[in-house]
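Down below is the structure, laid out as structure tokens.
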Amino acid sequence: MIEVRPYRPRFAAQVFGLPPGTRLGPAAANALRQAWLDYGVVIVRGLHYGDDDLVAVSRVFGEPELAPASERQARGGGLRPDVWVVSNVIENGRPIGSLGYGEAEWHSDMSYLAEPPTASLLYALEVSPEGGDTWFADMAAAHDALAPDLKAAIAGERINHPSSLTATGDLRLGATRPADVRSAPGTLHPAIEVHPETGRATLFLGRRRWARIEGLDLAASEELLDRLWAHATRPAFVHVHRWQVGDLVIWDNRRVLHRRDAFDPAARRIMHRTQVRGSAVGRG
Ligand code: OGA
Ligand code: MN
């Protein structure tokens, strides 16, 4: 039987007793999906997953979404298009994956899409002995704890989620550096979203760098975004995951921001990630 043990009352839980990904029955699938909605981050440990298991468990949450095209091209052929490799390992002079070994700044995955992924799944094949922890911040809790003046300042506002940079600050393939934040290409999303499945209000911030609040002058936008980010990433809303090989972490990309600590470039870290397509209804 599936057991769910929360790290916090309403955020981040470990799930025990999950059958292998390719053999999930409807009861286990429903329990996993419900834990993901309830806690935002679900952690399963001690797995021996291949990509078929990872893709099968991803389908519990919906249809697969392809990883960023530029990074699939940059990595070169050979691997399946539905699994994105996050790694610092270099083989034959080429990185086998994305994001390297540096710090990855706080972000939501692929929020430059009009319908960003609903779920992201990250599975650890090789981990660094130190560093490389992944941090998750609960934007539903952050919303609920907004000071009234800050909440009033962002109510009804939309944020431009820039599309040109990866979480480690690299330009995506084909992207150019804009003259300034006002001309950075991206997609507008409301600063506060109602989660389509739980009905909870949540902050939806994307990433800080090159973001902009629509209709505000640059200085006002920067000032308000800085206040918002300082609030949203307070330790009270954060759960830090220290990886072991065989860990699978599934997060609700609509509710949760994540970042990663840097790690030793000489260490090897290999993760396989999938993401689940956003639905055409529900955001707004
Ligand atoms: C990701 C990501 C961070 C990490 O896969 O979307 O941000 O810990 N990964 O590798
Ligand atoms: Mn990410």
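Order of appearance sets the numbers: ligands from 1, and atoms from 1 within every ligand.
W243 and H241 have perpendicular rings, their planes meeting at more than 60° on a 0 to 90° scale where under 30° would count as parallel. In this pair, F204 and H189 present their aromatic rings perpendicular. The plane angle is above 60°, beyond the 30 to 60° band.
In the vicinity of H258, heavy-atom distances shorter than 4.0 Å reach the ligand 1 atoms 1 (C), 2 (C), 6 (O), 7 (O). For ligand 1 and H107, the ligand atoms under 4.0 Å from any heavy atom of the residue are 7 (O). In summary, the atoms of ligand 1 found under 4.0 Å from a heavy atom of D109, numbered by their order in the structure, are 6 (O). Listed by number with element, the atoms of ligand 1 under 4.0 Å from a non-hydrogen atom of V86 are 5 (O), 10 (O).
The protein heavy atom nearest to atom 10 (O) of ligand 1 is R269 NH1, 2.8 Å. Nearest protein heavy-atom contact of atom 5 (O) of ligand 1 is R273 CD, 3.1 Å. Nearest protein heavy-atom contact of atom 8 (O) of ligand 1 is T134 OG1, 2.5 Å. Looking from atom 3 (C) of ligand 1 to the surrounding protein, the closest heavy atom is R260 CB, 4.0 Å.
Here R259 has no heavy atoms under 4.0 Å from ligand 1, in either its backbone or its side chain.
Between H239 and Y7, a ring centre-to-centre spacing shorter than 6.0 Å is recorded.
Of the possible polar contacts, one joining the R172 side chain to the L165 backbone as a donor-acceptor pair under 3.5 Å is found. Between the side chain of N30 and the main chain of A27, no donor-acceptor pair closer than 3.5 Å is present. Remark: the backbone N or O of P64 is paired with a side-chain donor or acceptor of R277 at under 3.5 angstrom.
D252 places a side-chain heavy atom less than 4.5 Å from the side chain of L37.
Listed by chain and residue number, the protein N/O/S atoms under 2.8 Å of the Mn ion (ligand 2) are H107 NE2, D109 OD1, H258 NE2, with waters left out.
Under 4.0 Å is where a charged nitrogen must lie from a carboxylate oxygen, and between E193 and R255 no such pair does. Look at E103 and R260 and you find no salt bridge, because none of the NZ, NE, NH1 or NH2 atoms lies under 4.0 Å from a carboxylate O.
Scanning for side-chain hydrogen bond (donor to acceptor under 3.5 Å, both in side chains) contacts around W229 gives an empty result, with sequence neighbours left out.
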Between H258 and W251, is the ring pair (Phe, Tyr, Trp, His ring centres under 6.0 Å) condition met? List the steps. CA-CA 9 Å; H258 58 287; W251 61 91; 4.4 Å; yes
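Polar contact check, W84 against ligand 1: no nitrogen or oxygen pair lies under 3.5 Å apart.
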